[in-house]
Amino acid sequence: MGLLERLAYSGKFMFLMLFILYLDIALMTRSIGRDSIIIGTVVGVIVLSYLAYYAHRHHSPREVLTLTTFTAISMILGGLTGIVLGGYGSFLSGAYVFSLTVALIATLYAATKLFKI
C-alpha cells in the first residue's frame, strides 16, 4: 500500500479535510465577496471531491451517511462561525448560510431515503 493510499484512508487526514472545509466556509462567509467566493468554491470543490472519492471507495451505506453528516455539520458550523466573526451585518452571508443549510438538510434526507436507513 503506497503513501497516497494510506493517506486516503487515514482518519486524521479525514478530520483535517473536514477542518479545512470548516475554515473555508467560515472565511468565505466572514468576508463574502467575489474573491472570497471564488477561492472558497475552489477549495470547497477540492475538499468535497476528496470526500466523494473516500465515500466511493467505502461501500457501507452507514459509513457514507456518517461522512455526509459530518460534512454537513462542518459546513453549517463554518457558516455560522463566519457570520458571528463577520458581525451579523451581511445579508448575503445570512442568505448563503441559510440556503446552504436547507440544501444540506435536503441532501441528508434524500441520502437516508436512498440508503433506507
(message) Tell me which pairs pass side chain to side chain donor-acceptor pair (under 3.5 Å) where either residue lies in residues 30-39, with sequence neighbours left out.
(response)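 Residue pairs passing side chain to side chain donor-acceptor pair (under 3.5 Å), neighbours aside: none found.
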(request) Mark yes or no for whether Thr29, through its side chain, and Ser93, through its backbone, hold a donor-acceptor pair below 3.5 Å. (result)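 Such a contact is absent between Thr29 side chain and Ser93 backbone.
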(request) Look at the side chain of Ser74 and the backbone N and O of Leu18, then say whether any donor-acceptor pair between them is shorter than 3.5 Å. (result)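 Answer holds: yes.
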(request) Please identify each residue that fulfils side chain to side chain contact (heavy atoms under 4.5 Å, CB included) with Ile46, with sequence neighbours left out. (result)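 Ile46 satisfies side chain to side chain contact (heavy atoms under 4.5 Å, CB included) with Val42 once adjacent residues are dropped.
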(request) Could you pull out all residues at least two apart from Thr41 that satisfy side chain to side chain contact (heavy atoms under 4.5 Å, CB included)? (result)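 Here the qualifying residues are Ile37, Val45.
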Below 3.5 Å, can you tabulate the donor-acceptor pairs from side chains in residues 96-104 to any protein atom, sequence neighbours excluded?
unit_1	atom_1	unit_2	atom_2	d
Ser99	OG	Ala95	O	3.1
Ser99	OG	Tyr96	O	3.0
Thr101	OG1	Val97	O	2.7

What about [X] and [Y], same hydrophobic cluster or not, with Ile/Leu/Val/Met/Phe/Trp/Tyr joined at side-chain heavy-atom distances under 4.5 Å?
X	Y	result
Leu23	Ile32	no
Leu21	Phe70	yes
Ile25	Val84	yes

(message) The criterion is side-chain hydrogen bond (donor to acceptor under 3.5 Å, both in side chains); which residues satisfy it with Thr81, sequence neighbours excluded?
(response)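 Applying side-chain hydrogen bond (donor to acceptor under 3.5 Å, both in side chains) to Thr81 gives Tyr22.
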(request) List the steps and the verdict of side-chain contact (heavy atoms from CB on, under 4.5 Å) for Tyr50 and Met14. (result) CA-CA 9 Å; Tyr50 168 75; Met14 180 64 61; 3.9 Å; yes
(message) Against Thr71, only a single residue in Ile76, Thr107, Leu48, Thr66 fulfils side chain to side chain contact (heavy atoms under 4.5 Å, CB included); can you say which?
(response)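 That would be Leu48.
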Looking at [atom1] of [X] and [atom2] of [Y], how far apart are the two atoms once the value is rounded to the nearest 0.5 Å?
X	Y	atom1	atom2	answer
Leu108	Ile73	CG	CD1	8.0 Å
Leu80	Leu85	CG	CG	11.0 Å
Met28	Met75	CE	CE	7.5 Å

(message) If you compare all heavy atoms of Ile39 against all heavy atoms of Asp24, which two are closest, and at what distance to 0.1 Å?
(response)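 Heavy-atom minimum between the residues: O-OD1, 4.4 Å.
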